[in-house]
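Note that the structure is predicted; figures quoted are calculated from it, not measured.
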Amino acid sequence: MPDTNPAKPAHKVTTESCCKRIRVEFNGEIVADTTRGLYLFEPPITPVYYFPLDDVRAEFLERTEHFTHCPFKGDAVYWDVIVGDRAARNAVWAYPSPIEAVPELAGYAAFYWNKMDRWFEEDEEIFVHARDPHVRLDVLPSSRKVEVSLNGETLASSERALFVFETGLPVRYYVPRDDVSATLLPSDLTTACPYKGVASYWHVEAGGETLENLVWSYRDPVREAGQVRDYLCFFNEKVDIAIDGETQERPKTKWSA
């Protein structure tokens, strides 16, 4: 009989050299600074930067008794990061004797992203997680007509939109603010993207109801996404979008709910 429960793909851990200068800041001090880093890839986990221990400032580290075991990398030891009056507990880990599959991790350490204050690639601040060198972001101007509606009410219409193609995500349609007819109410929500920057959100009034955080914009995007500055984007998962009159299927993503 056919196999109705095929085995899951094998868990895979790989690394690549990172030639960029990567720096980590905590409480006003640079606690790690390297041009000899490693990317560690372990799907579905986002990429992680690993730093040579020689490029991590030892005066800010204090070894703890915490340890963990990973069947794919080995036994990890941990350090607190202490700078002035602030401490980030168990914020750094390393594999002193990694398993045979990843010997290159010996002598390297990694930081929990959210326990640090700021991260930089060269002199550009980066957000959320290490930028995956295998992710591509294309921002393309298009004269195709983009119409955004919900329950028959037009929210935006533009023939000068920017189409954003980003690896692993649905196409996003960014429209000039002047081409949005919906009533927008500012939201306190912000989110960050490693490939575009920090996004601000708006609620939308339509059909007699307020739709929360339906629209976002990047007021100060990172360099690669500079074209989208102050353009507005609607969640395609939650509205109806037609391109040159052809209605697009709503994508199914974690934002669909």
(request) Kindly indicate whether the side chain of Leu155, heavy atoms from C-beta on, has any atom under 4.5 Å from the side chain of Glu205. (result) no
(message) Tell me whether Asp230 is salt-bridged to Arg219, with the criterion being a basic N under 4.0 Å from an acidic carboxylate O.
(response) no
(message) Please check: side-chain N/O of Asn236 versus main-chain N/O of Val171, any donor-acceptor pairing under 3.5 Å?
(response) yes
(request) Could you please spell out the steps behind the salt bridge (Lys or Arg N to Asp or Glu O under 4.0 Å) verdict for Glu29 and Arg57? (result) CA-CA 10 Å; Glu29 292 280 357; Arg57 294 177 66 180; 3.2 Å; yes
(request) Measure centre to centre between the rings of Tyr49 and Tyr39, then say whether the value is under 6.0 Å. (result) yes
(request) Would you mind reporting whether Ile243 and Glu246 have side-chain heavy atoms less than 4.5 Å apart? (result) no
(request) Check whether any side-chain N or O of Thr167 sits under 3.5 Å from a backbone N or O of Arg136 as a donor-acceptor pair, and report yes or no. (result) yes
(message) Between Leu137 and Val164, is the side chain to side chain contact (heavy atoms under 4.5 Å, CB included) condition met? List the steps.
(response) CA-CA 7 Å; Leu137 178 74; Val164 175; 3.5 Å; yes
(message) Using salt bridge (Lys or Arg N to Asp or Glu O under 4.0 Å), reason through Arg23 and Glu122 one step at a time and then give a plain yes or no.
(response) CA-CA 8 Å; Arg23 290 177 292 158; Glu122 298 296 340; over 6 Å; no
(message) Test your reading of the model: is there a side-chain donor-acceptor pair from Thr154 to the backbone of Ala156, 3.5 Å cut-off?
(response) no
(request) Determine whether Phe51 and Ile22 make a side-chain contact, defined as any pair of heavy atoms from C-beta on separated by less than 4.5 Å. (result) yes
(request) Please answer whether the main-chain N or O of Thr210 pairs with a side-chain N or O of His203 as donor and acceptor at a distance below 3.5 Å. (result) no
(request) Measure from the side-chain N and O atoms of Asp117 to the backbone N and O of Asn27, and report whether any donor-acceptor pair falls under 3.5 Å. (result) yes
(request) For a salt bridge (Lys or Arg N to Asp or Glu O under 4.0 Å) with Glu124, tell me which candidate from Arg131, Lys20, Arg21, Arg118 qualifies. (result) Arg131
(request) Count the heavy atoms belonging to other residues, nucleotides or ligands that lie under 6.0 Å from CD of Glu59, then report whether that count exceeds 12. (result) yes
(request) Kindly indicate, with the supporting measurements, whether the criterion side chain to side chain contact (heavy atoms under 4.5 Å, CB included) is fulfilled by Val148 and Val146. (result) CA-CA 7 Å; Val148 182; Val146 176; 4.3 Å; yes
(request) Output all residues satisfying side-chain contact (heavy atoms from CB on, under 4.5 Å) with Arg89, sequence neighbours left out; order by chain, then residue number. (result) Asp80, Ile82, Ala87
(request) May I ask you to check whether Trp93 and Tyr112 place their ring centers less than 6.0 Å from one another? (result) yes
(message) Looking at Glu237 and Arg172, is any side-chain nitrogen of the basic one under 4.0 Å from a carboxylate oxygen of the acidic one?
(response) yes
(request) Kindly indicate, with the supporting measurements, whether the criterion ring pair (Phe, Tyr, Trp, His ring centres under 6.0 Å) is fulfilled by Phe235 and Trp216. (result) CA-CA 8 Å; Phe235 275 108; Trp216 73 89; 4.6 Å; yes
(request) Measure from the side-chain N and O atoms of Asp244 to the backbone N and O of Lys145, and report whether any donor-acceptor pair falls under 3.5 Å. (result) yes
(request) Give a yes or no on whether the backbone of Pro251 and the side-chain of Ser256 come within a donor-acceptor separation of less than 3.5 Å. (result) yes
(request) Report yes if the distance between the aromatic ring centroids of Phe234 and Tyr173 is under 6.0 Å, otherwise no. (result) no
(message) Looking only at the aromatic ring of each residue, does the gap between the centers of Tyr231 and Tyr218 stay below 6.0 angstrom?
(response) no
(message) Quick one: does any side-chain atom of Ser217 pair with a main-chain N or O of Tyr201 as donor and acceptor, under 3.5 Å?
(response) no
(message) For the backbone of Asp132 and the side chain of Tyr195, can you confirm whether one donor and one acceptor N or O come within less than 3.5 Å of each other?
(response) yes
(message) Using side-chain heavy atoms (C-beta onward) and a distance below 4.5 Å, is Leu61 in contact with Val56?
(response) yes
(request) Please lay out, stage by stage, how Asn90 and His66 fare under the test side-chain hydrogen bond (donor to acceptor under 3.5 Å, both in side chains). (result) CA-CA 7 Å; Asn90 296 313; His66 185 60; 4.7 Å; no
(message) When you compare the side chain of Val83 with that of Val81, does any pair of heavy atoms fall below 4.5 Å?
(response) yes
(message) Taking the cut-offs as 6.0 angstrom to the six-membered ring centre and 45 degrees off its axis, would you call Arg177 and Trp202 a cation-pi pair?
(response) yes
